[in-house]
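Report on one structure; see the data block that follows.
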Amino acid sequence: MFSHESWVCDDDSGGRRLKRKLLIGTALAAALVLVMASPALAQEDPAPAAQFVLDNLWIFLAGVLVFFMQAGFALVEAGLTRSKNVSNIMMKNLMDMSAGVLAFALVGFGIAFGGGELLGGWFGFDIGIAGVEQTEGEGLLPATFFFFQAAFAATAATIVSGAMAERTKFVSYFAYSFFITALIYPIVLRWTWGGGWLAQLDVPFSDFAGSTIVHATGGWAAMMGAIALGPRLGRYGKDGKPRPIPGHSIPFVVLGAMILFIGWFGFNPGSELAADEFVMPIALKTLLAAASGAVAAMALNWLKDGRPDVSIAANGLLAGLVAITAPVGTVETWASVVIGGIGGVIVVYSIAFFDRLQIDDPVGAISVHGVVGTFGTLSIAFFAKYDDAFLGREDAGLFYGGGLDQLWTQLIFVIVHFVFVTVTAGALFMAIKRTLGLRVSEEEEREGLDVLEHGSPGYGHDPSGPGIPSSRT
Amino acid sequence: MFSHESWVCDDDSGGRRLKRKLLIGTALAAALVLVMASPALAQEDPAPAAQFVLDNLWIFLAGVLVFFMQAGFALVEAGLTRSKNVSNIMMKNLMDMSAGVLAFALVGFGIAFGGGELLGGWFGFDIGIAGVEQTEGEGLLPATFFFFQAAFAATAATIVSGAMAERTKFVSYFAYSFFITALIYPIVLRWTWGGGWLAQLDVPFSDFAGSTIVHATGGWAAMMGAIALGPRLGRYGKDGKPRPIPGHSIPFVVLGAMILFIGWFGFNPGSELAADEFVMPIALKTLLAAASGAVAAMALNWLKDGRPDVSIAANGLLAGLVAITAPVGTVETWASVVIGGIGGVIVVYSIAFFDRLQIDDPVGAISVHGVVGTFGTLSIAFFAKYDDAFLGREDAGLFYGGGLDQLWTQLIFVIVHFVFVTVTAGALFMAIKRTLGLRVSEEEEREGLDVLEHGSPGYGHDPSGPGIPSSRT
Amino acid sequence: MFSHESWVCDDDSGGRRLKRKLLIGTALAAALVLVMASPALAQEDPAPAAQFVLDNLWIFLAGVLVFFMQAGFALVEAGLTRSKNVSNIMMKNLMDMSAGVLAFALVGFGIAFGGGELLGGWFGFDIGIAGVEQTEGEGLLPATFFFFQAAFAATAATIVSGAMAERTKFVSYFAYSFFITALIYPIVLRWTWGGGWLAQLDVPFSDFAGSTIVHATGGWAAMMGAIALGPRLGRYGKDGKPRPIPGHSIPFVVLGAMILFIGWFGFNPGSELAADEFVMPIALKTLLAAASGAVAAMALNWLKDGRPDVSIAANGLLAGLVAITAPVGTVETWASVVIGGIGGVIVVYSIAFFDRLQIDDPVGAISVHGVVGTFGTLSIAFFAKYDDAFLGREDAGLFYGGGLDQLWTQLIFVIVHFVFVTVTAGALFMAIKRTLGLRVSEEEEREGLDVLEHGSPGYGHDPSGPGIPSSRT
Amino acid sequence: MLHLVTAVIQPFRLEVVKDALRDAGAAGMTVTEVSGFGRQGSHTETYRGAEYEVDFVPKLKIEILCTADESERVADLIVEAARTGKIGDGKVWIAPIGQAIRIRTGELGTEAV
Amino acid sequence: MLHLVTAVIQPFRLEVVKDALRDAGAAGMTVTEVSGFGRQGSHTETYRGAEYEVDFVPKLKIEILCTADESERVADLIVEAARTGKIGDGKVWIAPIGQAIRIRTGELGTEAV
Amino acid sequence: MLHLVTAVIQPFRLEVVKDALRDAGAAGMTVTEVSGFGRQGSHTETYRGAEYEVDFVPKLKIEILCTADESERVADLIVEAARTGKIGDGKVWIAPIGQAIRIRTGELGTEAV
Ligand SMILES: Nc1ncnc2c1ncn2[C@@H]1O[C@H](COP(=O)(O)OP(=O)(O)O)[C@@H](O)[C@H]1O
Ligand SMILES: Nc1ncnc2c1ncn2[C@@H]1O[C@H](COP(=O)(O)OP(=O)(O)O)[C@@H](O)[C@H]1O
Ligand SMILES: Nc1ncnc2c1ncn2[C@@H]1O[C@H](COP(=O)(O)OP(=O)(O)O)[C@@H](O)[C@H]1O
């Protein structure tokens, strides 16, 4: 059993917008039985029927858009790494999606949304995906809710592979991926959207579509992974000076970023979890923040380096998107431009910062998802004007005279989250390092992971053609 | 005239779920006139209006997702073949979509769904796409229904080009493509979704979204094409040992597979042909089967060869999807994981099997679509628990004590289908071989089809740059 | 303030289909206040609520599909140019989308749809995107309407970058892009969809989804840009004979065209601006015109040159789509096949024509969007049978005995449009040429724009690998 | 005394040449993708409706370091294995080499081959 | 007696060099894409905010087998056609060749060229 | 008198070799991506469940034109810098060159290097 019924909407005055609040302070399992047992309610009134289907159809389609992000991540990561590792990075993204969905179905979803509270909401556990065949009820069907959540889980997992690209053993990737999707991310979910302690605070946390819950989880885990691995061979000179290792395909990077941009219109507007009139302003703010992030990163990078780097602009687009993911429901339209733009600025400096620390992140995942995700979550404390159901009140932002309490909560949220993810992910990577080993051999790294991990190069040659293997770059 | 009106839903108790049954045993042409003549019925009740638009809008969007699969097929096929033939394979996929839609509109659709039965439902014929401008009615509009069916027809045609890649004359490709889209596939359609004899059996066939009707039709035609052509030059040594010809871009393969995965959320859930509450469980089972197929194929291949091949994992993803396409409406969620997984296992062995037979299928189309599609269709006889309107009853699967009758029907279905497609496609390819010739010259095959069939290489060089043509691989 | 409320639908007899007519002859600002002030109207009736959400959700999703076209344009343009400029072209497409949306939000949207008429509808101005946070009303929400229009604006801008590829300074690109998105395109919008003088003619213009308004604006601006720049180095021999510069990736071209094809199912059906029963026939005609355009261009090219060029077939697909964009609401299904086919024929001759004029357009943007867009708009005068709300009457086409008045209006429309765009864009490019300079240095053009404008090649090499830079093609 | 035998051949003959050399006991060779211009002449390609000449065709260059007395036989082996009889089969030439060193061991002259 | 004329040139001069050689009646040549290191020096590229040096620049290597008495003229033709006057124009060198064979016919020596 | 020193090395040693040569004052070099066949032997790759042998491994070929008396030192420097001690390190060979020209200036012989 799981608590999807908490997401059921309530169509009277107080309104659909409050649906998420219901979740807090409700005996989850009890409510489930109640709603499930009376599906007839939904059938009697013909008008809600269309709305019911519409809600589910839209969230399913939003989930499809979010799954499409997997292709975007795969391309961005492939493009920013070398061609000799291109099969490996594509395989990882394929597996994040495939194995990740299974792991989340079997273990993670139950932890995140299952009934049966342990330790007062800090943990919870339930088995698997029972109940998802149901086709009656109100609000989101279990199948719809799981579909959408599974797409998010795949996203969280996939972020890590970018930062750890070009040097991680495939078997070890499998191990860490499993634990992140089946345990670390679900526990974060439990605490937050699962109605756990962060949702039960007097001033509850606010993170509409998951700047922290999804993106920073991936970002901070990515950071621990990159630290545990160490930089790629030759990435830093003996003098400590960074020596860039250019990615092998900028068109892949930009195409990937554009696909992510498209997918985000499922990610953010879909997080409304209903087909209602709030979806469109959310979409609009998502659009403007993305645009602003790309322009800001490009402009700053142009000023700093004299030439605007294309992959930095793409990172800026994504930073704008990550930044607005948390505050998108609560801020005014103009604020989305500002928040996206700040995201774009941050990403430029953050990438340079981690480079100086010699934490080698080929795709900028730590900066885009970890740092900017955290910033986006905090921005709510300043810019929040509207109630997005999480917030539960208007004018909560400091700029609207909202006081420090939301800032305080948001700080607790991002700090606890940072500590939890870095500690658990750090332990995980250390454990793998000791047992399976985390990093491929120097020779394999030099030759490329494609041949040694997967059997043949990602860009094959024609044996009956010129007959010689293309040198692998 | 065509019988789209058979897909009209019937909103009372018996329910929308039975809509397809209506089609069986109805005088199609008669019903058409009836419903078309009374569009007012749909207008009187305001509530269905939103549902009416929603049904049509969703199936149209599902059709768009299915058309997006064309890009996925193009990429998978391009990635698994050599760069010297990349323009040719992209062109074929572009034409499957373009010429295929026209051929289906002008001929195929009438055969499949037209009024006027010949030979007791074995054949039928009607001209073209008249009536599709209608905007009133119930259920799916003619335009919507045609749009969705055309997307499916394009899919069936495109499967063949993969197995016949790198050695087929472009003009001959056009000839066979036309006959498959305009005749062979429509006749299969007529017999099944068109309400023909397989739908009129006492225990009617069951194939929800077309594991056999769409995929195996493509797959078995692909097999006959690959046999008629013979293997690519150098594909098997004089000793008969397979000598792999690596594809030129694994990132294309994985990107293509991911796009196909996305498109399948139109293919399967859209086959519900209505926006209702059954769409989401279908989507969920599609997701889980895909994930399971990819993981199973990867794991098995890892065990067998010591290194997990990336394109095999991608094939596994697609195998999971093809496998669940028929049973998706009738099986429980756990069964989708099992069926998808078996699909993934089958594809690994099947690819090896056809390789041993020296049937050269560069992309694995025969295995993914033919073999696994047939398996998926048969799986219904074992796993079916729910009624998906095709089945017309619950617990039909052997594992639920359903008896052998459904297995019998499914066997008749896949055997007749196999015989029909292999015989007609075989005759077609032989006829083309005798007349136009099927295969390019040895020299053209060696040089690549891009230059000789289309004028210039797919990866062009800069004449004012280094000034020398890149050697074509 | 802006006039989105003009798009509000009116559900009684006369019907939703007339919504656009409302816009003409209405005091825009006045109506805005009126509707905005009475949001309660929409809330009282439960049935329209689902329709209200459905309308907005669909147009938002259509906008997402249109934004996806950015990826299509990027790929087509990248594929048809050389690898040494691939980063640059991707960057431009990324910025068309990002900076373009911001420019349109800050300036263009106000000009196009703002209240306050200047000079009798020839101009109008309003600041920015105020009001878009609204979530109540009828018809399309401001946020939805802006989202969809912004996607269109990005499309218009992006067309230009293709024709000017491989030789334009990045800073100058920014300058012209800004003016096109913020001024030229919005003024065209104002005159037409914004309810300006072309909409107020006795026989108003007709351009359902923007063959002229969007595509020809891009196309003619592209023409002026290509003329102002001059051809690429080595593109024409001293004898004036064209010397082709092959694009570096035909698979990118075809993938891009397929993505554009998919996106067009947002572009055309979305231009209905409502979720109603007219969406699907529009989708169907879009499909058939695309198919017909691709087949016609391929067949003609095959006849002419003996070998069917793949990128010409892709151009044909796009030409079919551009051609049907204006008449899609007014013509019969068979006519969409004819119009798309003529579009495909035109594009083949038009590309050859501009080549003979030595106007170097690497991607065929002038032909596909300018010439075919203009043709599509004129075709209404011949083929129009239905009223699509723009037309306001049935059987307006000459072939249905509609008289010459619509032809006259359409001619005025496309001629005034041509003159306006060529004069303003011409002036713009000349001004940039005089100030910033439009074209890169000969050396930069030879080396490629990627390194000199953006810092490093689009296809990077591995410094710790073979260690030598791949020669840039 | 050492010789360097250089051959320019049709790419699809590499496999045959390699096998012939290996069977004859050749220790190694180095292969380069090259573009050839010769009697084989240019061919015409078309792109977007316009024609252009392609003067160069893809070839492979093989270099084999061997002792002076082996060089003729190596050259003959290559000629035999690479020959198709059509224009464009390529050339073999032999150049004198002063000294050779195996990097791994520092062995010199005929030892290095 | 035969010579092998080898030239390393700027890629964009190939067309001019080829035309000059063809006009002068040269029978063939073999071209290789290479990377050059020389006086032209390195240039700086930037990637994601960091700088790096690129020491090698793309060049083309042309090899022409010809008779010993033609070799000077071939070299001169190349020098003339390839010269832009800027650093990095490249080099030409001439090496003695012992024997040459046309694979197609087995013709030897000057016949083979 | 001039020599052409040719070396076939492991790709990942290029940087070291280049630095060693530059430090020793070498004026230039020309590098080509090549495929080597030798004692290092073939390795097995797998593709879609089937195995195949890859006989060739990626190598780099370096060519350095220098005066006859420098050539030994250049060769030694390369040998030293390129050596890893594993099979496949490659070879260096030295050939006599008759004449050399700098394209930019027309300088001849040792001036041209
Ligand atoms: N004079 C030459 N110098 C160097 N390479 C040559 C020369 N002539 C031909 N080649 C090379 O040999 C290849 C085949 O030569 P070609 O004249 O076309 O045919 P054939 O050798 O059969 O007469 C050419 O493509 C070129 O690479
Ligand atoms: N000593 C050398 N040996 C081999 N190739 C050389 C040598 N010196 C220069 N080259 C080649 O010639 C090219 C041009 O040389 P460079 O010194 O840059 O200019 P220039 O020839 O005008 O003096 C280099 O890029 C390299 O490919
Ligand atoms: N006889 C030869 N002629 C030309 N090149 C050779 C020869 N033998 C080896 N090579 C080149 O040297 C490389 C290394 O040679 P190999 O025999 O594998 O190792 P080692 O030089 O350490 O004995 C080969 O890959 C090939 O490129």
Side-chain angles (χ1 to χ4, degrees), chain D residues 1-10 13 16-17 20 30-42 52-63 66 68-69 71-98, chain E residues 1-9 11 13-35 58-68 71 74 77-78 81 93-113:
Chain D
M1 181 61 176
L2 294 166
H3 276 177
L4 183 71
V5 181
T6 301
V8 175
I9 64 166
Q10 294 277 27
R13 303 304 290 177
V16 186
V17 171
T30 298
V31 183
T32 314
E33 293 186 46
V34 299
S35 299
F37 173 85
R39 284 186 180 73
Q40 196 182 339
S42 66
Y52 61 100
E53 296 290 299
V54 174
D55 291 323
F56 291 94
V57 286
K59 302 279 173 195
L60 290 181
K61 185 169 81 174
I62 305 179
E63 287 166 303
C66 56
D69 36 312
S71 67
E72 293 245 331
R73 223 193 77 212
V74 167
D76 287 348
L77 275 170
I78 295 176
V79 166
E80 207 177 305
R83 181 181 291 159
T84 70
K86 296 216 192 91
I87 297 188
D89 273 356
K91 321 239 173 277
V92 179
W93 61 80
I94 302 174
I97 292 297
Chain E
M1 180 64 177
L2 294 166
H3 277 176
L4 183 71
V5 181
T6 302
V8 176
I9 64 167
R13 303 304 290 178
L14 175 67
E15 198 109 335
V16 185
V17 170
K18 184 194 70 190
D19 290 346
L21 288 169
R22 182 160 51 184
D23 294 350
M29 70 181 94
T30 298
V31 183
T32 315
E33 292 187 45
V34 299
S35 299
K59 301 279 173 195
L60 291 181
K61 185 168 82 173
I62 305 179
E63 287 165 304
I64 296 160
L65 192 67
C66 55
T67 57
S71 67
V74 167
L77 274 170
I78 295 175
W93 62 81
I94 302 174
I97 293 298
Q99 180 58 291
I101 316 167
R102 185 191 308 281
I103 292 176
R104 171 165 49 97
T105 57
E107 287 162 291
L108 295 179
T110 55
E111 303 287 283
V113 179

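All values reported here derive from a predicted model rather than from experimental measurement.
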Segment of [X] engaging chain D (4.5 angstrom heavy-atom cut-off):
{"X": "E/E107", "value": "neither"}
{"X": "E/I97", "value": "both"}
{"X": "E/L2", "value": "neither"}

Flag if over 12 foreign heavy atoms under 6.0 Å of CD, E/Q99: yes
Select, from D/D76, D/V8, D/I87, the one with the greatest count of heavy-atom pairs under 4.5 Å involving chain E.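 Highest number of heavy-atom pairs under 4.5 Å: D/I87.
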Picking from D/G90, D/S71, D/A82, D/A75, which has the most non-hydrogen pairs under 4.5 angstrom with chain E?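 Most heavy-atom pairs within the cutoff with chain E belong to D/G90.
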Please classify the contact of D/K61 with chain E as side chain, backbone, both or neither, using a heavy-atom distance under 4.5 Å. side chain
Of the backbone (N, CA, C, O) and the side chain (C-beta and beyond), which part of D/L4 lies under 4.5 Å from a heavy atom of chain E, both, or neither?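 It is neither, since no heavy atom gets under 4.5 Å.
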Would you find a donor on one side and an acceptor on the other, under 3.5 Å apart, between the side chain of [X] and the backbone of [Y]?
{"X": "E/E63", "Y": "E/V31", "value": "no"}
{"X": "D/R83", "Y": "E/I103", "value": "yes"}
{"X": "D/T32", "Y": "D/V34", "value": "no"}

For residues 16-30 of chain E, run the donor-acceptor check on the side chains, cut-off 3.5 Å, and write out each pair with its distance to 0.1 Å, sequence neighbours left out.
residue, atom, partner, partner atom, Å
E/K18, NZ, D/D55, OD2, 2.3
E/D19, OD1, E/R22, NH2, 3.2

Candidate pair D/K91 and E/R104, rule side chain to side chain contact (heavy atoms under 4.5 Å, CB included), full reasoning: CA-CA 8 Å; D/K91 321 239 173 277; E/R104 171 165 49 97; over 6 Å; no
